[in-house]
Amino acid sequence: MSGKEYRTITDVKGPLVFLNKTEPVAFGEIVQLRLTDGTVKNGQVLDTSNDQVVVQVFEGTARIDRQTGVKFLGDVFRLPVSKDLIGRILDGAGRPRDGGPPIVAERMADIIGAAINPYSRRSPESFIQTGISAIDACTSLVRGQKLPIFSAAGLPHNDIALQIARQAKLVGSDDDFVVVFCAMGITAEEYNYFVSDLERTGALENAALFINLADDPAVERLITPRLALTAAEYLAFEHDYHVLVIYTDMTNYCESLREIGAAREEVPGRRGYPGYMYTDLAMLYERAGLVKGKKGSITQFPILTMPGDDITHPIPDLSGYITEGQIVISRELHQKGIYPPINVLPSLSRLMNAGIGPGKTREDHKSVSDQLYAAYAQGKELRGLVAIVGQDALNERDLQLLKFADLFENKFLRQSRDEDRTIESTLDLAWDLLTNIDTKFLVRLDQKWIDKYHPTEKKE
Amino acid sequence: MSEENGLIYRISGPVVTAIGITPRMYEVVRVGDEGLMGEVIELHGDQSVIQVYEETSGISPGEPVIRTGQTLSVQLGPGLLTQIYDGIQRPLADLEAKMGVFIKRGVDADGLDMAKMWDFKATVAVGDEVAAGAILGTVQETETIEHRVMLPLGKSGVIKSIESGEFNVTQTICTLEDGTEIAMMQEWPVRTPRPFVQKYAPNVPLITGQRILDFLFPLAKGGTAGIPGPFGSGKTVIQQQLAKWSDAQIVVYIGCGERGNEMTEVLTEFPHLIDPHTGTPLMNRTTMIANTSNMPVAAREASVYTGITIAEYFRDMGYDVALMADSTSRWAEAMREISSRLEEMPGEEGYPAYLSSRLAEFYERAGRVQTLAGGDGSISVIGAVSPPGGDISEPVSQGTLRIVKVFWGLDAGLARQRHFPSINWLSSYSLYPQALDQWYRDNIASDFPEVRTEISALLQVEAELQEIVQLVGSDALPIDQQLTLEVARMIREYFLQQNAFHDVDTYSDLNLQYAMARAILSFQEEAKKAIAGGAGLEEVVNVQARTDLIRGRFEDGYADRIEGLVAEMSKQISTASEGN
Ligand SMILES: Nc1ncnc2c1ncn2[C@@H]1O[C@H](COP(=O)(O)OP(=O)(O)O)[C@@H](O)[C@H]1O
Ligand SMILES: [Mg+2]
């Protein structure tokens, strides 16, 4: 059925083109549009029937007219996969962007990706040390996890992502990560920042990049992460790599999704985003993990900027419902000059329990982490009270918690951009800070850990 | 039969329109060259609208659509337990065997193992008259669960022959006088509730081992509970805790549109976890349905019905079944997605207008009943709800709260402080205590309801006092009120908080729960006396024995030691006052 070119466009609306009467066209089929000036655009079938076909055009519909020729290519969207993807920079539709030759395909992989059978997954449980205390102690990352960074405009999420990419290691193993980096609508400046950092540390040779920048076609962004994840799956499950996928900015992806929904006049869900956005995002995020019989893994670090710093906005909200936790960047901490400005309280790692403890990190880790949370949460809350009633109204316990909250931010959270702390030093530091609180108030700690690790109360 | 074969006219995501067939509503059809399974959900002139249970990309108009004459049904019989199914009862292990770790499409798999031989023991005899739902015999399905083979609906008569022995699920085990042959397997259409004789009011608690649930907001066997909460507030952990520790005999766990790894977790953990009630692996009593967020939405829509039908089947055998659905919001979203493809008139927030009636119909399938066989069975349904932004004014939360009798409201603020389970003790409620109080008096302690009331009252008072503290600080309160705050803190930190991941703390026996609550009240009583005798608050609060009592809950054998610890605490507190 490929080959035949139709000139039956009836309507063009936003990024969509509507055509009449064709031979049967498959749902999801790839489309090539040849404009009268010779330009070629690409698209995909969103709706198909005997009478009408709806095509979404990745490069936008500018200059398309009724004379535009439309060719259906008889196949769904595929990425040429091979190990040669490593070290390459491709554009948002998978074409070389680095001036290099086309990828010689070992095979052509469907980018939609099939769902991993839940029965065939292996539980992620290998602790990844990022060298960042806030993450390692409080929201521990494990191999195969999907852990997004919830940030907002003007905050140093890129620095944190890069620091993680640089420092992430599996303690006691020399398996290296390959990075798959996926840019969706970020600025050229941000992109250069990423690339130069990856270049500086030599990581670029071990990375595959898929780049759609702010001035690249918006609808193409719906394809870009699927290409990146297809590459990641190929490398992880066919070549045993441990892949770290960083994608940014999910917010731009969701905007493109909304644009398509609006053009199709769909009934919108919350704040104008399509009702199927949850499912759509899940089809990206769930492409993380480990599977039976394969050595490799996919760990995902999506970055998203919360519109209006609002964590209840549909983009972070639906993401949080799918991902295995979140690292929340705080403007307040950033303004206090603290790097990394990670607010641990709303942050979470759902896979932490499986990845920490004896033989993995340290036996006291869980207890210490719970205690840090509880003490910091209470200390922070007391700041509000002090502002109203002053320190005099506080009892001994409250005063200790208040002081602890400050120490936690300034000594524990704060570290430099190239400071790579081991998990032991992170936990020891936590114990040091906890000495500022009487042990009788440390109700989250098991007595046996106090006896063993408390710097001043341990029983040698 | 030209009528049986039609053609695809249109494809829009999971929704396909066919022409040239005249199926019945909810009939199962085969779609496209690959024969993908679909279900007719709307008839529209000469067009039949079909929701397809598998991915539709690459399918074209003009491909065939074939009627099957069947409605969407599940296969019921020995072999359901320990299984993990997708939303349309395909065993995920079979899918793995047929196509590897990724789920491709176009593969069929039976819900039950057709070849496996089971040891059937007849419990009725030739000449017995049997009616639909009657138990004909049993099969030891797992180490702990006896499968009771029932006469399918619509059948009845006098037994002509019946045999004990080794059978697979399709072989005839019994014939009736009229010649009807009965096998162990039966099928049931998932969207139709299975019948029973009558419903009873629930009056026995479903004991979960979770202190805040059992003590303050109990669920009855046969009851319904909703757990709304923002992401990360603990819905899934609560559901899993109930699947692990509740004293139901059968557990049906539906992972509906949620994470793959959460199902893996259950799958890897349950075979190793020992059921405290039977001493054998929890897996023995469990059936799982996993239609994760990235699996087809139409099958997600069906998964809830598949699960509840399996639950009803075990209920009909006379079992107490607990069903968890995580998350009903994803089910509702699947309905919304399909509805919007049908271009139906949307109701609130784009959900179809029939959302609340579907929710009600689902929860209505819970209950304690007299079964057709004359026994007593129940289904307790616990549904997680995932409100956008955590705001429960949205349609799914509201539709659920109108029906369920127990509301476990999760609170992001508590979760952030790592107060787990992060159930808000002020906004949550259970409408069952009245019906259950007699049971507690008879089985745990004659003053159980009064102790509960005292504990709740203390938490209420604390909330009021906290408002004052926010303005003036706690030191400005009179000493008796400061003591009340300490007692309430003890309730929260020692009693309500419970770490699901702690080997010992994860489960609290109801007797122990009662002892812990009493311990708190003893502390209050002794402390009041001591303070009246001139002791300072700090002295009383900080006695070593109280710390020991509190920390002791993490250690094995706490139930045996708690009484001694309380006595020691009382002694130390009264000594504290003597010093003054
Ligand atoms: N009872 C509990 N004990 C300890 N930790 C808990 C408990 N409930 C929840 N948590 C923590 O909260 C995290 C999120 O809980 P989860 O049930 O997955 O949330 P939700 O399903 O509401 O998104 C868990 O990964 C765990 O770390
Ligand atoms: Mg959950």
Side-chain angles (χ1 to χ4, degrees), chain A residues 24-29 47-50 76 112 114-124 266-270 275-276 278-279 282-283 286 289 291-294 312 314 317 320-322 324-325 345-346 348 350-351 353 366 370 373-374 377-378 385 388-389 393-395 440 443 446-447, chain B residues 9-12 17 55-62 84 92-93 95-96 100-104 231-232 255 259-261 263-265 267-268 290 292-295 297 330 333 336-337 340 346 349-350 386 388-391 416-418 470-476 493 501 542 547 550-551 554:
Chain A
V25 167
F27 179 72
E29 196 170 329
D47 198 318
T48 170
S49 74
N50 289 354
V76 294
I112 299 300
I116 297 176
N117 184 334
Y119 180 78
S120 311
R121 285 180 182 268
R122 283 190 288 137
S123 289
E266 290 165 348
V267 180
R270 240 171 115 233
Y276 49 78
Y278 173 85
T279 304
M283 291 182 65
E286 279 288 318
V291 299
K292 285 185 199 162
K294 314 272 178 186
T312 70
D317 190 52
Y321 270 120
I322 305 163
E324 284 146 348
L345 299 181
L348 167 71
R350 294 164 186 271
L351 301 184
N353 287 308
K366 173 76 181 132
D370 285 348
Y373 268 108
Q378 292 173 42
L385 182 61
I388 303 171
V389 298
L394 297 193
N395 58 30
K440 61 175 178 280
V443 291
D446 289 28
Q447 189 62 43
Chain B
Y9 169 75
R10 176 182 173 192
I11 303 144
S12 175
T17 309
E55 239 279 308
T56 53
S57 64
I59 314 274
S60 303
I84 177 165
L92 290 175
L95 297 189
E96 183 190 80
V101 301
F102 291 99
I103 300 182
K104 297 177 196 102
F231 65 81
R259 302 178 184 83
N261 276 331
M263 298 316 292
T264 314
E265 201 177 297
L267 273 173
T268 39
T292 56
S293 53
N294 54 339
M295 287 160 75
V297 287
R330 307 302 167 218
E333 284 166 8
R336 175 169 71 183
E337 203 168 322
S340 111
E349 293 191 19
S386 317
D391 176 1
R416 286 175 184 194
Q417 296 171 35
R418 298 316 191 246
Q470 290 307 313
L471 297 174
V472 297
S474 58
D475 272 12
E493 294 183 347
F501 301 100
N542 292 336
T547 310
I550 292 175
R551 287 230 166 88
F554 291 129

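So that the names make sense, note that chain A is the first sequence line, chain B the second, and so on, each numbered from 1.
Chain A forms the most heavy-atom pairs under 4.5 Å with one residue out of D391(B), N261(B), T56(B), and that residue is N261(B). Chain A forms the most heavy-atom pairs under 4.5 Å with one residue out of N542(B), L267(B), L92(B), L95(B), and that residue is L92(B). By number of non-hydrogen pairs under 4.5 angstrom with chain A, the leading residue of E333(B), R10(B), R259(B) is R259(B). Taking S386(B), G232(B), P346(B) one by one and counting their heavy-atom pairs under 4.5 Å with chain A, the maximum is reached by S386(B). Your options are G390(B), P388(B), A476(B), and the one with the most heavy-atom pairs under 4.5 Å with chain A is P388(B). Contacts with chain A were tallied for T17(B), T292(B), I84(B), V472(B); V472(B) has the most, counting heavy-atom pairs under 4.5 Å. Each of P118(A), G293(A), A377(A) has some count of heavy-atom pairs under 4.5 Å with chain B, and the biggest count is that of P118(A).
Contact detail for R121(A) and I116(A): the closest heavy-atom pair is CG-CG2, 3.6 Å.
Proximity of a side-chain donor or acceptor of N395(A) to a complementary backbone N or O of S474(B) within less than 3.5 Å is not detected. Judged by distance alone, the side chain of D317(A) and the main-chain N or O of G389(B) form a donor-acceptor pair under 3.5 Å. Counting only distance, with no hydrogens or angles, the side chain of S340(B) and the backbone of V267(A) share no donor-acceptor pair below 3.5 Å.
For Y321(A), the ring pair (Phe, Tyr, Trp, His ring centres under 6.0 Å) criterion is met by F231(B), not counting sequence neighbours. By the salt bridge (charged side-chain N to carboxylate O under 4.0 Å, His left out) test, K294(A) pairs with no residue at all, sequence neighbours left out.
For F554(B), the part lying near chain A is the side chain, with the backbone staying farther off; criterion is any non-hydrogen pair under 4.5 Å. For A93(B), the parts lying under 4.5 angstrom from a heavy atom of chain A are both the backbone and the side chain. Contact of Q417(B) with chain A is made through backbone and side chain together, with heavy-atom distances under 4.5 Å.
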